[in-house]
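Below: the structure, in C-alpha cells.
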Amino acid sequence: MTTSLSRLLAPRSIAVFGGNWAERVVEQCQKMGFPGEVWPVHPTKDAVHGVRCYRSVGELPGAPDASFVAVNRNLAVEVMGELSARGAGGAVCFAAGFKEAGPEGAALQDRLVAASGAMPFLGPNCYGLINYIDGALLWPDQHGGQRTERGVAILMQSGNIALNMTMNQRGVPLAYLAALGNQARIDLADLIVALADTGRVSAVGMLIEGIPDTTKFAAAVEKARAAGVPVVALKAGRTEHGAQLAMSHTGSLAGSDAVMDAYLRRLGVARVDSLTVFLETLKLLHVHGPLPGRDVVSMSCSGGEALLIADAARHRQVDFRPFTPADVARIRPTTNPIVSISNPFDYHTFDWGRFDRLEATFTEVQRSGFDLGMIVMDLPRGDRCTDGEWKLGIDAFAKASKAAGGRAAVLSTLVECMPESYALELIGQGVAPMMGIDETLTAIEHAAFIGTAPADGYRPLGSEGPDPTAVFALTEWEGKQALKEHGLQIPAGDLVHTELQAIAAANVIGYPLVVKAVSGEILHKTEAGAVRLGIRNEDDLVEAMRAMAHLSDEFLIEEMVTDAVAELIVGVTRDPQIGPVLVVGSGGVLVELIADAATLMLPARPEEVRQAIGSLRGANLLKGFRGKPEGDIEAVVDAVMAIAHFAVANAGRIAELDVNPLLVRPKGRGAVAVDALVRMSE
C-alpha cells in the first residue's frame, strides 16, 4: 500500500541521484529558492553547484522527503529499494526502458515496484514534479514558471507538453506540475486526491491518454469536487480505435471516445479539446471557481465587438440573457440617452476616459445578477502606444464589480493584447484575464458545466461481464418480454407456430399487422428477409408465413404502429473498463450512416436522458417537424429508463442490447419498441 504523498509534494529535503540530469535538478532548486536541504548523491564527485555530494543512500544525513533518481534503469531499481528501506517520503524515477519498452522492461518495472515497497513514486519514464509554492523542483530542465502562493495543478503523461505548459504567457498561476510517466505506483487518481488535500490548489488540469482504474478515478474526482477543486481534462485520442461489437448497431455508435466523453461528463469533469481552451478554463476556475450558471453579460465600447461576441455565442451553452426592465431602469441614468441597453452591451465611447461615469454604468450592469460579467478590452501594444485610458476603463470595471459583488472577467480578443504582467495583476484583483473570444466562451461553458453538474457518487458498474462462451441471443419475443417486465412498451402481439394460431391472434390484435420469423440465429431481420410489414388480411398473413417458413417454425404476430413521428435507437454496449453503457440515437435502417447518438453512463438519470434526446440532430422530428404532430418525449424518456433499469439489473450478464427502432408516437400515445436484440448469459 502506498503511503501519503505529502512529503513528496511538499518536501523539506531532496536527494538527487545521477549525473547531468540530476545536476540540473540541483540547479533548478537553487534558482527557485528552495529553502530546504538538497543532497546530491554521486560515486565520485565531491560537490554539485557548490553543494556537498554523498556517496550512497546510507550516507545521507537523514531520510529524504523527496528524491530524483536519474541513474540507469537497473541501478534505479537498487536505489529505489534503498530509499524505501531508509524511510524516504517519495521519489521521481526518471529512467526509461521499463514497461514502455516491451516484456523485458515490463518485468523490470515489476521489480521496481516490488523494491520500492510502500514508498510512493512518479514514473518510471517520468520527467518530474514541480512545486511552485515551496520552490521544490524535482525537474531536470528549464521551465517558465514562478513562485506562487496558490494556483492550478497540471498533470501530464508527456514531459514535453508539461514543459510547454510552464512557458505559457496567459497568466495561469501554476502551483504544481507533474509528468506521470508509466504510473507504476502513483497514478492520476492518487495525485488528484493528494493535491486537493493540500488546500493550495484551485483546480486540477490533466492531459490523459487513458485511465487505468475508472472506479478509483471516479472516487478521486468526487473527493476533489467535495474539497472545492474542479477538474479539467484534455483527452488525447479522439479517433476510434476500440473494438466494435459485430452484432448490434449500438456497438458501432458507442466507440471508446464517446464512452470516455460520457464518463467524464458524468463525473463533472470538463473535457476540453485544445491546449488553449485548457489553459483559459483553468484560469477562469482559478479566479472564480465553477460558475453557478450560464448567464453572462458582455460589455464593450464597440458595436463590432458586441456583434462578434453575439455571433460566437450561437450554438453555445452560454446565455447572454436580456436585461430585465428593472435592470434597464437602473442602468439608463448612467449612460448616454442614445445608447441601446442590450446584451451584449455596447456602452459606446461617450464616457471614454471618465472613471466615475464608467464605474456607475458598470456597477449597475454587475448588479443585474449575471453569473459572469465581461468587459471586452484589448490593450494597445506597449512599445508604440499608451494604454492609460484602456486601463482606466478596466479599473472602473474591477472596482464596480467588487462593489456589486459580481464575478468579473476582462476579455482580450487577441492574446498579444493582454500582457502577462497585467494578466497577473488582474488576477490579484479577483478579475479573470481571458484571451480569445472562442476560447473564453468555451471556458465559460466548461466552468458553468462543472458548477451545475450534480455530484451523486457515480461509480462505473464494472468491467466484469459475462463469459463470452456462455453468451447467447434471446429471440425477439424473449427479449421484448424481458424488457416489458422493466416497463418498456411493446406492440400487442403473440408468438405462434401454425397458420391457424396466427389467424386467431390476428383477429384479436387487429390489422394491419407485422409478421416476423423468430429465431435466436436471425439478428438482423430486414437483411435476412425475416419480416413482413403491412399485413392487411388473412391471405397476406398466410402468404407471409409460408414465404418465411424456411427461416423458422415460430412467428411473431404484432400490431403495426402507423402513426410514428420519429424512430430512435436505444441500446446497451459494454466498454472494457466501464462495463455496460447506454446509447440513445436516431434510429431506423440508416442508423449507422447518420451516426447521430449520445452515450450515457449507467445507472442513468431521467434528466440526463432528456438532455441526450434533445442533443440529437434528429430531435427536431420530435418537436413537430413540417406539420407532423409533436412526439411523446416523456414516453421516450420512460422507455429509455426502462431499458436502463433492465441493463443495471443484468449488469453482469448483458453483452449487448439493441432496441431499433423505438417508434415515437404523437404526444400522449407513447413510444413503442418494435424490434429488440438482446445478447446475454444465463
Side-chain angles (χ1 to χ4, degrees), residues 249-250 253-255 257-271 273 291 293-296 313-321 371 441-442 444-446 448-454 456 458 487-489 564-572 581-588 590-591 594-645 647 659-673:
H249 297 295
T250 302
L253 293 176
D257 187 70
V259 172
M260 178 59 70
D261 207 39
Y263 169 74
L264 294 174
R265 185 170 61 249
R266 182 61 182 269
L267 295 180
V269 174
R271 180 176 181 179
D273 291 328
L291 299 179
R294 305 176 187 279
D295 285 354
V296 180
R314 292 182 61 199
H315 310 301
R316 292 184 182 276
Q317 295 182 13
V318 174
D319 186 11
F320 286 90
R321 68 163 172 81
D371 297 307
L441 293 181
T442 306
I444 293 170
E445 282 186 294
H446 291 310
F449 161 73
I450 296 173
T452 56
D456 60 358
Y458 161 76
L488 183 65
Q489 183 181 351
V565 299
E567 296 184 0
L568 298 178
I569 179 173
V570 185
V572 175
V581 297
L582 183 68
V583 179
V584 181
S586 298
L590 301 178
V591 58
I594 299 172
D596 177 26
T599 301
L600 299 171
M601 296 293 98
L602 289 169
R605 300 184 296 253
E607 59 271 23
E608 286 181 301
V609 171
R610 194 172 288 106
Q611 290 172 3
I613 295 167
S615 72
L616 301 176
R617 295 194 300 275
N620 286 334
L621 294 174
L622 302 175
K623 301 173 183 177
F625 185 70
R626 290 192 174 180
K628 282 193 174 184
E630 181 181 352
D632 199 335
I633 295 178
E634 290 308 308
V636 175
V637 174
D638 291 342
V640 176
M641 289 302 300
I643 294 168
H645 291 150
V659 171
N660 181 36
L662 176 74
L663 295 184
V664 185
R665 305 180 72 183
K667 188 173 182 179
R669 303 197 65 182
V672 185

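Checking side-chain atoms of D371 against main-chain N and O of D295 turns up a donor-acceptor pair under 3.5 Å. Side chain of Q317 to backbone of E445: no donor-acceptor contact under 3.5 angstrom is found.
Note that CG of L602 is 7.5 Å distant from OH of Y458, once rounded to the nearest 0.5 Å. One finds the CG atom of L662 at 9.0 Å from the CD atom of Q489 (value rounded to the nearest 0.5 Å).
Within the structure, every pair that satisfies the salt bridge (Lys or Arg N to Asp or Glu O under 4.0 Å) test and touches residues 598-609, not counting sequence neighbours, is listed here: R266-E608, D456-R605, R605-E607, R605-E608.
Side-chain contact check for K628 versus L621: every heavy-atom pair is 4.5 Å or farther apart. Contact of the V637 side chain with the V640 side chain is not registered, since no non-hydrogen atoms from C-beta on lie closer than 4.5 Å.
We find that D257 and R271 are joined by a salt bridge, their nearest charged nitrogen and carboxylate oxygen being less than 4.0 Å apart. Look at E634 and R610 and you find a salt bridge, because one of the NZ, NE, NH1 or NH2 atoms lies within 4.0 Å of a carboxylate O, short of that distance.
Here A453 pairs with R225, F449 under the side chain to side chain contact (heavy atoms under 4.5 Å, CB included) rule; sequence neighbours left out.
Considering every non-hydrogen atom in both A673 and V659, the closest pair reads CB-CG1, 3.6 Å. Nearest approach of P666 to D632, heavy atoms of both residues: O-CB, 3.7 Å. Across every non-hydrogen atom of E630 and L622, the tightest pair is CG-O, 3.4 Å.
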